[in-house]
Amino acid sequence: ALAVLGQIASDTALPFPPRLQSLNAIEELGQVALPLLDRLRPVAAERDQYLSRAAGATVAKLSGTYDPSRTFGRREW
């Protein structure tokens with residue numbers, strides 16, 4: 001199931017809703033989802049602000065660098 005969630009989150013051909021749902025599920029898994037870290041980093045740099053924010057926060061939480069005062073997502077808006 002973890003591999004499927006990672007595939008959905010990173011598949012740019014899929015529409016927004018299932019990708020965001022998979023990111024939410026991955027975040028809930030916590031450290032179990034650590035193997036997906038490298039797959040999620042590119043999602044955090046995508047142009048879609050919702051996906052990049054969700055992925056950025058998830059990457060930070062999985063990598064142990066999460067700071068609730070930090071803003072996630074692309075900075076060019």
Side-chain angles (χ1 to χ4, degrees):
L2 189 60
V4 172
L5 287 172
Q7 174 63 34
I8 293 169
S10 61
D11 188 344
T12 58
L14 290 176
F16 163 82
R19 295 184 69 204
L20 183 61
Q21 290 169 340
S22 69
L23 286 168
N24 290 336
I26 290 167
E27 184 174 324
E28 289 297 318
L29 291 173
Q31 294 301 302
V32 171
L34 199 55
L36 297 178
L37 196 55
D38 288 337
R39 187 169 212 162
L40 298 178
R41 283 190 172 108
V43 181
E46 287 187 19
R47 296 191 58 82
D48 185 286
Q49 65 178 327
Y50 296 107
L51 290 175
S52 65
R53 286 181 185 169
T58 300
V59 166
K61 288 175 183 177
L62 291 177
S63 64
T65 61
Y66 180 73
D67 176 358
S69 66
R70 180 175 169 223
T71 302
F72 296 95
R74 295 175 59 92
R75 304 264 191 257
E76 53 198 53
W77 310 308

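Please read all numbers here as calculations on a predicted model, not as lab measurements.
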Which heavy-atom pair separates [X] from [Y] by the least distance, and what is that distance?
X: A54; Y: L23; value: CB-CD1, 4.0 Å
X: S52; Y: A44; value: CB-O, 3.3 Å
X: L14; Y: R19; value: O-CD, 3.6 Å
X: R70; Y: A60; value: NH1-CB, 4.3 Å
X: R39; Y: A3; value: NH1-O, 4.4 Å

For the pair L40 and L62, evaluate side chain to side chain contact (heavy atoms under 4.5 Å, CB included) and give the outcome as yes or no after the intermediate values. CA-CA 10 Å; L40 298 178; L62 291 177; 4.1 Å; yes
Report yes if the side chains of V43 and T58 come closer than 4.5 Å at any heavy-atom pair, otherwise no.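 No. Closest side-chain heavy atoms not under 4.5 Å.
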Does D11 have any salt bridge (Lys or Arg N to Asp or Glu O under 4.0 Å) partners at least two apart in sequence or in another chain, and if so, which?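 Here no residue qualifies.
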Spell out, yes or no, whether V59 and I8 are grouped together once hydrophobic residues are joined by side-chain heavy atoms under 4.5 Å, including indirect joins.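 Hydrophobic grouping puts V59 apart from I8.
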Which pairs count as ring-ring contact (aromatic ring centres under 6.0 Å, His included) when at least one residue sits in residues 12-49, sequence neighbours excluded?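 As it turns out, the ring-ring contact (aromatic ring centres under 6.0 Å, His included) pairs with a partner in residues 12-49, which skip direct neighbours, are F16-Y50.
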What's the separation between atom CG in L29 and atom CG in L5, rounded to the nearest 0.5 Å?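 Those atoms lie 6.5 Å apart.
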